[in-house]
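The basis for the numbers below is simple: all heavy atoms, side chains too, and nothing from hydrogens, waters or symmetry mates. Remember, it's 1-based here, ligands and their atoms both numbered in the order they're listed. Every value quoted in this text rests on a predicted model; they were computed, and no experiment measured them.
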Amino acid sequence: MTGRAVRIPDLREKKVRGEKIAMLTAYDATMARLLDGAGVDALLVGDSLGMVILGHETTLPVTLDVMIHHTRAVVRGTGHALVIADMPFLTYQVSVSEAVRNAGRLLQEGGAGAVKLEGGRPILDVVSRLVDVGIPVMGHLGLQPQSIHQVGGYTKQATQPREGARLLEDALALERAGAFAIVLEQIPASLARDVTARLTVPTIGIGAGPDCDGQILVSHDVLGLFDRFVPPFVKQYAHLAGTITGAAREYVEDVRAGRYPEVAAPAARVPTA
Ligand code: KIV
C-alpha cells in the first residue's frame, strides 16, 4: 500500500466527508502486511486474539505482555494503516495510574498508535487521563466481551429504550472525555444510527447495522479461518479454513505416497578440464 500512513485526525475527516472507515483485526506481521496492502484504514490488535489465535473460550485470559507481543508483530507488518491495540481485562480497571502505565507500554513497547478500552461512564477518568498524557483512546460500547460473564452471552445489547438512552449518554461522555472514535458492538441499527448522528467522532460498527461511520470485523471471521462459531452479522469473503485443510491434506498424502519431495533429475555431468 502506498500513500502516507493513516493518522487519527484522518478518521474524523473521513466522517466529515461522509467517507466510510474500513477496519479489520490483525494479530501477526504476515496477516497485517496482507490486510494493510488491501488498503484498510486501521488495524485493531484485538484481545479477540485470545479466542481466534490462542484457543481460549473468552478474551479474559489475555495479558498485557501477550498484547504487546502481538502488537509489535502487527506494527512490523504495517506501513499504511493506523494500528490500535486493545487494553486487556484488568489492565485499566484497577487504577488510573496503572492504566496510564499499561497503555503507555502498548505505545512504547508495542508501537501502537492508539489503545481501545471497553466501557462508558465507569472508565471516564481513565479515558481523560490517557488523552491528557497524549495516548489516543478508542471507546467500545454495546457488547463488551470482557464482561461476558456478567452479560451471559454474545448477544445483541441495548435493545430496550432505557438501555439505548444509557448507551447514548455513555457515547457522549466518552466523546467529551476525548475518545477519538467509538466501536459499537452488537446494538440495534437504529440506535447505532442515532448515536452516529449525535457524535462528532466516528463510530465503528460491528453487528450494528450500516449507518455507523465505519465497520470492523474480526479478520478470521471475514476470511473464513475461524469456523468454530461465525456471528450472524459476519460476511465471509473467503473460506480459507477449507482451503488450508485441503492443502495440508494433499501435502500429507504426497509425503506418505513418496510424491513429495520429487526425485531430482540426475545432475548434468560437469566436464572436467
Ligand atoms: O477484540 C476485538 O477483536 C474487538 C473487535 C471485535 C471490535 O474488540
Side-chain angles (χ1 to χ4, degrees), residues 11 20-28 31-32 35 40-64 66-71 73-74 81-93 103 106 110 112 114-120 123 127 136-148 151 153-158 167 170-171 174 179-187 192 195-196 201-209 212-223 225-226 228-236:
L11 302 181
K20 295 281 188 184
I21 298 162
M23 286 186 62
L24 284 169
T25 62
Y27 315 104
D28 65 68
M31 188 69 88
L35 303 178
V40 292
D41 297 298
L43 288 171
L44 172 71
V45 189
D47 60 359
S48 50
L49 69 81
M51 297 160 89
V52 299
I53 301 291
L54 303 179
H56 294 298
E57 289 295 322
T58 70
T59 60
L60 300 184
V62 177
T63 63
L64 186 65
V66 164
M67 288 304 300
I68 292 171
H69 173 80
H70 284 271
T71 302
V74 168
L82 173 70
V83 176
I84 302 165
D86 257 341
M87 293 198 70
F89 181 57
L90 284 193
T91 62
Y92 56 97
Q93 295 92 339
L106 285 164
V115 296
K116 176 167 80 59
L117 280 63
E118 295 180 9
I123 59 155
V127 174
V137 173
M138 174 178 251
H140 183 153
L141 296 172
L143 179 66
Q144 295 164 36
Q146 290 176 15
S147 306
I148 195 62
V151 178
Y154 295 94
T155 52
K156 208 160 236 21
Q157 302 297 302
L167 188 142
D170 278 337
L174 282 171
F180 70 86
I182 300 177
V183 167
L184 300 176
E185 180 163 356
Q186 293 216 51
I187 64 170
V195 172
T196 301
V201 297
T203 58
I204 308 293
I206 171 163
C212 295
D213 298 305
Q215 297 290 330
I216 182 165
L217 284 172
V218 170
S219 50
H220 284 51
D221 290 337
V222 172
L223 299 174
L225 268 170
F226 188 72
R228 283 178 61 190
F229 167 71
V230 184
F233 52 83
V234 165
K235 177 170 174 187
Q236 288 189 307

Problem - Partner set under ring-ring contact (aromatic ring centres under 6.0 Å, His included) for His220, not counting sequence neighbours - result: Tyr27
What does the N/O contact table under 3.5 Å look like for ligand 1?
residue  : atom  : partner : partner atom : Å
ligand 1 : 1 (O) : Asp47   : N            : 3.2
ligand 1 : 1 (O) : Asp47   : OD1          : 3.1
ligand 1 : 1 (O) : Ser48   : N            : 3.0
ligand 1 : 1 (O) : Ser48   : OG           : 3.3
ligand 1 : 1 (O) : Asp86   : OD2          : 3.1
ligand 1 : 3 (O) : Ser48   : OG           : 2.5
ligand 1 : 8 (O) : Lys116  : NZ           : 2.9

Handout entry: Student check: side-chain heavy atoms of Met67 and Asp86 closer than 4.5 Å
Key = yes
Practice task
Name all residues meeting the side-chain contact (heavy atoms from CB on, under 4.5 Å) criterion together with Ala42; count only those two or more places apart in sequence or in a different chain, and write none if there are none.
Solution key: Met23, Leu82, Ile84
Practice task
Determine the minimum heavy-atom distance between Gln93 and Thr91, stating which atoms define it.
Solution key: OE1-N, 3.3 Å
Practice task
Please collect all side chain to side chain donor-acceptor pair (under 3.5 Å) contacts where either partner lies in residues 49-62, sequence neighbours excluded, each pair once.
Solution key: Glu57-Arg228
Completion exercise
Here the gap from Leu217 atom CG to Gln236 atom CD, rounded to the nearest 0.5 Å, amounts to 10.5 Å
